[in-house]
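Remember, it's 1-based here, ligands and their atoms both numbered in the order they're listed.
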Amino acid sequence: MFKVNDLSPPVGADALELKAGDRVLWYYADFSSGSGPKTLRLTRVGRTSCYRAVGYDDGGTASFPEGALLHVDGRKVQTQGATQAAMGCVGTHRGLVRATAPGMVRSNALR
Ligand code: B12
């Protein structure tokens, strides 16, 4: 399946024209529960080592990702709730940061 800008297009990938700056996500899923799993989007909070994860359903509606973890350099960092997003600070790190949450598609990776 695929999403463009956190939203699941209702047409096949061959029927969709991308614009400059569009974010495309490909992932494995099925429609066994009537819709696809939520996907996670990770953003960095300014120039800090803190990151914010948000879950998106097929319609692109944002929600709090229960139980989200940040992964970096082989470590797992817990997140805390902050309005709609889960937030966590990973401190000094070398590798890319990703977020996972139970039942959701893992996030993009950020420096
Ligand atoms: C199961 C399913 C899937 C499975 C298919 C794999 C599998 N092994 O079963 C998965 C999860 C991979 C899938 C993906 C997608 N699907 Co789908 N899928 C269905 C569903 C629920 C049932 C199809 C089925 O099994 N029919 C029974 C079998 C016997 O018939 P069949 O013709 O052989 O079925 C095949 C085709 O339907 C094909 N297929 C499935 N989805 C799509 C989508 C497109 C655009 C195409 C060309 C073919 C296709 O895979 C089936 C199995 O081989 C239908 C809804 C429905 N109830 O019909 C939606 C449906 C066909 N899918 C749809 C969509 C939008 C998608 C996605 C584009 C979603 C997305 N944004 O990622 C993606 C395709 C990604 C891409 N590369 O473009 C739409 C199509 C709308 C349209 N106007 O074209 C439908 C109608 C659901 C909906 N109401 O939105 N899908």
Side-chain angles (χ1 to χ4, degrees):
M1 304 205 32
F2 74 108
K3 278 191 172 182
V4 178
N5 303 328
D6 307 311
L7 210 132
S8 181
V11 295
D14 62 327
L16 198 112
E17 199 161 320
L18 295 174
K19 302 182 302 300
D22 278 347
R23 283 178 293 104
V24 181
L25 172 71
W26 285 96
Y27 54 103
Y28 288 104
D30 61 36
F31 280 134
S32 54
S33 61
S35 62
K38 287 183 181 172
T39 53
L40 278 170
R41 169 135 195 258
L42 190 69
T43 49
R44 187 170 170 183
V45 181
R47 295 184 146 270
T48 68
S49 63
C50 299
Y51 295 81
R52 202 178 268 131
V54 178
Y56 288 93
D57 67 14
D58 283 353
T61 301
S63 63
F64 175 73
E66 193 68 51
L69 291 174
L70 300 178
H71 300 254
V72 64
D73 297 341
R75 296 186 280 124
K76 288 180 191 158
V77 177
Q78 304 274 356
T79 59
Q80 291 182 337
T83 53
Q84 268 190 338
M87 209 171 108
C89 300
V90 300
T92 310
H93 61 283
R94 296 169 64 92
L96 299 175
V97 182
R98 282 187 186 276
T100 61
M104 299 192 192
V105 176
R106 75 171 183 187
S107 76
N108 51 311
L110 292 178
R111 196 146 278 295

Put together the list of close N/O pairs, under 3.5 Å, between ligand 1 and the protein, could you?
unit_1	atom_1	unit_2	atom_2	d
ligand 1	71 (N)	Phe2	O	3.1
ligand 1	71 (N)	Ser8	OG	3.0
ligand 1	71 (N)	Pro9	O	2.9
ligand 1	72 (O)	Phe2	N	2.7
ligand 1	72 (O)	Phe2	O	3.3
ligand 1	78 (O)	Ala13	N	2.7

Polar contact flag, side-chain donor to acceptor under 3.5 angstrom, Thr100-His71: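 His71 and Thr100 do have a side-chain donor-acceptor pair below 3.5 Å.
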Got a second to check how far Asp58's CG is from Lys3's NZ, nearest 0.5 Å?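 Answer for the CG-NZ pair, Asp58 versus Lys3, is 5.5 Å.
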Could you report the tightest heavy-atom contact between Cys89 and Val77, atom names first, then the distance?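 Heavy atoms of Cys89 and Val77 come nearest at O-CG1, 3.5 Å.
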How far apart are the closest heavy atoms of Leu70 and Ala99, and which atoms are they?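 Closest heavy-atom pair between Leu70 and Ala99: CD2-CB, 4.0 Å.
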Within the distance-only criterion (no hydrogens, no angle test), does the side chain of Ser107 pair as donor or acceptor with the backbone N or O of Leu42 below 3.5 angstrom?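 Checked: no pair found.
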Main chain of Arg94, side chain of Arg111: is a donor-acceptor contact present, judged purely on distance under 3.5 Å?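 Indeed, once roles are kept as given, a pair shorter than 3.5 Å links the two residues.
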